[in-house]
Undergrad: 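Here it is, the structure, as structure tokens.
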Amino acid sequence: MVSKRQRVAEDDPLTRAIAPPPNETLAEREQRISAEQEAKRISDAIDEELNRQRITEKKGPKAIKILLLGQSESGKSTTLKNFQLMHSPKAFRTEKASWRAVIQLNVVQSVHAILDLMSKAHASSHGLSSSSSPHPPSSSTHVTSPSSRPGTAHKDYPPLTAEHLKLKMRLAPLIQVEAALIRKLLPPGQVDLTASGHANLSALALQQEISVNSNVGWKGAFNRLLSTVGNGRDSCESIDMIDWSDPEDPGVVLHACSEDMIRLWADPIIRKLMEVEKMRPEEMAGFFLDALDRVTSPKYIPTDDDILRARLKTLGVSEHRFQMKTGPLGSSMSHDWRVFDVGGQRSLVSKEPLFFSPAWVPYFDDMNAIIFLAPISCFDQVLQEDPSVNRLADSFLLWKNIVSHPLLKKTDLVLFLNKCDILRAKLASGIRLGDYITSYGNRPNDFESASTYLKKKFAGLMKEHAGDRPFYCHFTSVTDTKSTSLILENVQDVIIRDNLKRSALVG
Ligand SMILES: Nc1nc2c(ncn2[C@@H]2O[C@H](COP(=O)(O)OP(=O)(O)OP(=O)(O)O)[C@@H](O)[C@H]2O)c(=O)[nH]1
Ligand SMILES: [Mg+2]
């Protein structure tokens with residue numbers, strides 16, 4: 001008779017699956033038992049390895065953590081990309097297909113800003129209000145002077161010809177491409193509606209910059225999308241998965257509009273128009289108009305430099321981990337490094353950047369170092385989130401808050417005076433630092449004097465609010481990978497040295 005318990009066990013699918021076959025021969029039984037023993041041996045070995053790793057992790061040196069801070073567009077994500085390029089170049093390059101779409105979006109948005117300005121100039125010359133133009137005014141990121149904000153006086157725009165208006169019409173398909181690219185880059189439900197509050201993608205694109213929440217892995221979303229149109233190969237070489245013959249690829253329209261975009265960007269009247277508007281696209285984030293021929297070519301694949309210049313606003317936090325040998329040459333000591341990149345945009349409610357929110361502050365004392373980025377070329381610009389605040393004044397204020405923060409007393413603070421390449425070009429073009437920073441007075445308007453002066457200002461704030469803390473400061477252009485990798489190596493050395501000093505004091 002079969003007991004109830006035995007019946008239950010036989011009904012159990014797992015028991016049935018692992019039960020020996022009913023007519024098992026002696027040889028088969030021996031083979032089965034030996035296979036089971038081998039499987040158990042492998043499983044035990046895996047458990048043992050996991051345990052060993054857990055113990056070493058506990059015993060081994062703690063991960064070294066770096067937090068990147070600074071206002072929006074200061075260059076935090078670009079610095080993170082430099083870390084990735086230095087320590088995981090292969091992984092960095094597998095994301096080229098995703099960056100191609102971001103660069104295409106950057107191109108379209110730069111052209112869009114110029115088309116907006118043409119509408120505004122056209123409306124102004126016909127005595128209409130610019131709000132009657134089909135395109136609302138572009139975001140203040142595209143505008144480098146407070147004088148070009150809405151509601152300002154009538155300007156002396158050069159008259160546009162019929163040819164300009166035709167050119168503008170021929171470029172209209174780019175607006176659809178813009179919406180398609182945004183849809184492609186944002187996983188469903190990830191459209192950031194915080195600023196405008198409506199879901200029309202094309203209008204949304206005009207009103208605000210697209211941001212991607214780094215936690216949801218937009219690159220992953222894009223790769224999944226690619227794999228449905230590509231050859232279906234489950235590869236991480238995302239560039240291999242682009243279907244170059246896909247007629248729906250945004251690159252097709254971009255290529256078709258290429259000559260017209262080049263003509264627009266080179267046109268002397270359009271240049272004059274931008275000059276009157278004090279609009280300098282070359283200083284804008286994600287500037288590719290000087291490389292239109294290349295980036296709109298049918299088989300365009302971004303270079304490392306292109307990826308560093310691509311602009312995608314960060315929402316939330318991005319993390320990059322890598323391992324690095326440390327200590328004297330030949331030493332086998334290895335550290336885990338973690339670099340955190342937090343979106344610098346301010347909350348519309350608290351007016352504070354995300355990294356000063358109550359959710360983030362508790363993490364501060366867990367950081368070994370903070371790299372604070374101050375884009376010193378922005379002395380004549382205002383914050384996109386609050387046009388009443390000058391960008392350089394905002395960087396001074398953030399720096400002051402960081403150096404005097406009680407939770408950051410033991411953290412290494414490293415200052416990157418960033419966008420030096422743009423500062424140099426801006427001063428050379430005749431824009432005067434003294435017109436915006438009155439304390440600069442009549443000092444020479446060259447890079448050496450201006451950068452030294454600004455460095456002293458930041459050092460002064462440190463001295464005033466944090467006493468004799470070491471002042472680590474670098475002049476950077478983080479889109480230049482060569483010089484940035486040297487600077488980052490130096491920063492890593494300083495952090496390791498200070499970390500060792502601290503553990504010696506504790507030990
Ligand atoms: N020319 C030049 N461009 C730079 C430099 N640093 C950053 N950029 C560009 O400026 C834009 C903004 O840089 P990001 O690194 O995205 O700025 P962010 O601080 O991460 O901004 P949020 O994510 O909004 O907080 C990108 O297009 C970069 O390529 C620089 O030193 N020189
Ligand atoms: Mg960012």
Side-chain angles (χ1 to χ4, degrees), residues 67-85 99 102-107 109-110 139-142 144 192 194-195 208-215 218-219 280-291 295 302-320 339-347 352-357 360 370-378 381 383-386 391 394-395 398 415-426 447 451 474-485 487-488:
L67 177 61
L68 299 165
L69 295 183
Q71 66 188 209
S72 188
E73 284 194 37
S74 55
K76 299 180 293 296
S77 300
T78 316
T79 304
L80 186 80
K81 288 180 203 167
N82 276 284
F83 273 114
Q84 288 171 324
L85 197 54
W99 286 112
V102 174
I103 292 161
Q104 288 174 330
L105 182 62
N106 288 165
V107 168
Q109 291 188 323
S110 297
S139 85
S140 59
T141 3
H142 299 307
T144 51
D192 172 15
T194 45
Q208 65 163 47
E209 219 190 332
I210 284 307
S211 51
V212 165
N213 189 330
S214 36
N215 286 332
W218 61 278
K219 293 167 194 156
R280 291 184 289 274
E282 50 276 57
E283 291 165 18
M284 275 159 39
F287 172 70
F288 290 96
L289 296 182
D290 271 347
V295 301
T303 62
D304 292 349
D305 277 357
D306 291 345
I307 298 177
L308 261 83
R309 288 186 174 273
R311 164 65 177 162
L312 190 69
K313 186 166 73 178
T314 314
L315 262 193
V317 186
S318 253
E319 185 191 348
H320 173 59
V339 185
F340 298 90
D341 168 25
V342 190
Q345 201 188 15
R346 276 145 196 274
S347 140
E352 293 266 41
L354 172 74
F355 50 78
F356 275 140
S357 73
W360 253 92
I370 283 182
I371 298 181
F372 180 81
L373 287 111
I376 49 174
S377 63
C378 299
Q381 285 174 273
L383 287 182
Q384 187 188 13
E385 308 93 306
D386 186 352
R391 277 185 181 260
D394 181 65
S395 279
L398 285 177
L415 175 65
F416 279 12
L417 297 176
N418 194 35
K419 301 203 178 180
C420 285
D421 55 332
I422 300 182
L423 177 67
R424 201 182 285 274
K426 199 174 254 186
F447 178 77
S451 56
H474 298 270
F475 291 113
T476 57
S477 298
V478 295
T479 38
D480 176 357
T481 50
K482 230 178 173 179
S483 61
T484 308
S485 77
I487 292 170
L488 290 182

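Counting convention: from 1, in listed order, for ligands and their atoms alike.
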Undergrad: Is there a side-chain contact between Glu73 and Pro375, using heavy atoms and a 4.5 Å cut-off?
TA: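 Counting from C-beta outward, Glu73 and Pro375 never come under 4.5 Å.
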Undergrad: Under 4.0 Å from any heavy atom of Gly343, which atoms of ligand 1 are there?
TA: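 Under 4.0 Å from Gly343, ligand 1 has these atoms: 25 (O).
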Undergrad: I'd like the name of whichever of Leu68, Thr78, Asn82, Val478 reaches closest to atom 15 (O) of ligand 1 through any heavy atom.
TA: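 Of the listed residues, Thr78 has the closest heavy atom.
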Undergrad: Is Ser451 close to Leu417 at the side-chain level, that is, under 4.5 Å between some pair of heavy atoms?
TA: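 Of all side-chain heavy-atom pairs linking Ser451 with Leu417, none is under 4.5 Å.
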Undergrad: When you measure from the side chain of Asn106 to the backbone of Phe288, do you find a donor-acceptor pair of N or O atoms at a distance under 3.5 Å?
TA: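 No; judged by distance alone, with no hydrogens or angles, the pair does not exist.
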Undergrad: Would you say that Ile422 contacts Arg280 through its side chain, given a criterion of any heavy-atom pair below 4.5 Å between the two side chains?
TA: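 No - every pair of side-chain heavy atoms lies 4.5 Å or more apart.
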Undergrad: Atoms of ligand 1 less than 4.0 Å from Leu308 heavy atoms?
TA: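 Close to Leu308: 28 (C), 29 (O).
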Undergrad: With a heavy-atom distance limit of 4.0 Å, tell me whether Leu373 approaches ligand 1 through its side chain, its backbone, both, or neither.
TA: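 Contact part for Leu373 vs ligand 1: neither.
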Undergrad: Does an N or O anywhere in Gly75 fall below 3.5 Å from an N or O of ligand 1?
TA: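 Yes: some nitrogen or oxygen of Gly75 is under 3.5 Å from one in ligand 1.
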Undergrad: Tell me, do Ile307 and Lys81 make a side-chain contact under 4.5 Å, heavy atoms counted?
TA: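 When only atoms from C-beta onward are counted, Lys81 and Ile307 do touch, with a gap below 4.5 Å.
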Undergrad: Using distance alone, determine whether Lys419 and ligand 1 share an N or O pair under 3.5 Å.
TA: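 N/O-N/O distance under 3.5 Å: yes.
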Undergrad: If I take the Mg ion (ligand 2) as the centre, what angle separates the OG1 atom of Thr314 from the OG atom of Ser77? Nearest 10 degrees is fine.
TA: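 Result: 80°, to 10°.
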Undergrad: Tell me whether Glu73 has any N or O atom under 3.5 angstrom from an N or O of ligand 1.
TA: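 In this structure, Glu73 places an N or O atom under 3.5 Å from an N or O of ligand 1.
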Undergrad: For a 4.5 angstrom cut-off between non-hydrogen side-chain atoms, does Leu488 reach Phe416?
TA: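 Yes, side chains in contact.
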Undergrad: Does a side chain donor of either Ser477 or Asp480 reach within less than 3.5 Å of an acceptor in the other side chain?
TA: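 Result is no, nothing qualifies.
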Undergrad: Which option wins on minimum heavy-atom distance to atom 22 (P) of ligand 1: Gln345, Arg311, Gln71?
TA: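 Nearest heavy atom to atom 22 (P) of ligand 1 lies in Arg311.
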Undergrad: With a 4.0 Å heavy-atom cut-off (strictly under), which part of Ala310 contacts ligand 1: side chain, backbone, both or neither?
TA: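 Contact part for Ala310 vs ligand 1: backbone (N, CA, C, O).
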Undergrad: Before signing off on this row, confirm whether Lys313 and ligand 1 have an N or O atom pair separated by under 3.5 Å.
TA: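 No.
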Undergrad: Working to the nearest 0.5 angstrom, can you tell me the gap between Gln71 CD and Asp394 CG?
TA: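 Reported value, rounded in 0.5 Å steps: 5.0 Å.
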Undergrad: Is there a side-chain contact between Leu85 and Leu308, using heavy atoms and a 4.5 Å cut-off?
TA: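 Yes. Closest side-chain heavy atoms under 4.5 Å.
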Undergrad: Ligand 1 versus Asp421, non-hydrogen atoms closer than 4.0 Å: side chain, backbone, both, neither?
TA: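 It is the side chain that gets close, since no backbone atom is under 4.0 Å.
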Undergrad: Using a 4.0 Å cut-off to any heavy atom of Asn418, which atoms of ligand 1 qualify?
TA: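 Checking each atom against Asn418, I get 5 (C), 6 (N), 31 (O).
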Undergrad: Is the shortest N/O to N/O distance between Gly344 and ligand 1 below 3.5 Å?
TA: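 The answer is yes, given that Gly344 and ligand 1 share an N or O pair closer than 3.5 Å.
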Undergrad: Please could you name the atoms of ligand 1 that Ser477 approaches to less than 4.0 Å, counting only its heavy atoms?
TA: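 Every atom of ligand 1 under 4.0 Å from some heavy atom of Ser477: 31 (O).
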Undergrad: With a 4.5 Å cut-off on side-chain heavy atoms, are Val295 and Val107 touching?
TA: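 Yes, at least one pair of side-chain atoms sits under 4.5 Å.
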Undergrad: May I ask whether Gly286 has any heavy atom positioned less than 4.0 angstrom from an atom of ligand 1?
TA: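 Yes, Gly286 has heavy atoms under 4.0 Å from ligand 1.
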Undergrad: Mark up the atoms of ligand 1 that fall under 4.0 Å of a heavy atom belonging to Ile422, in ascending order.
TA: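 What qualifies from ligand 1 is 1 (N), 2 (C).
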Undergrad: So, do Glu385 and Ser72 sit near enough that their side-chain heavy atoms are less than 4.5 Å apart?
TA: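 In contact.
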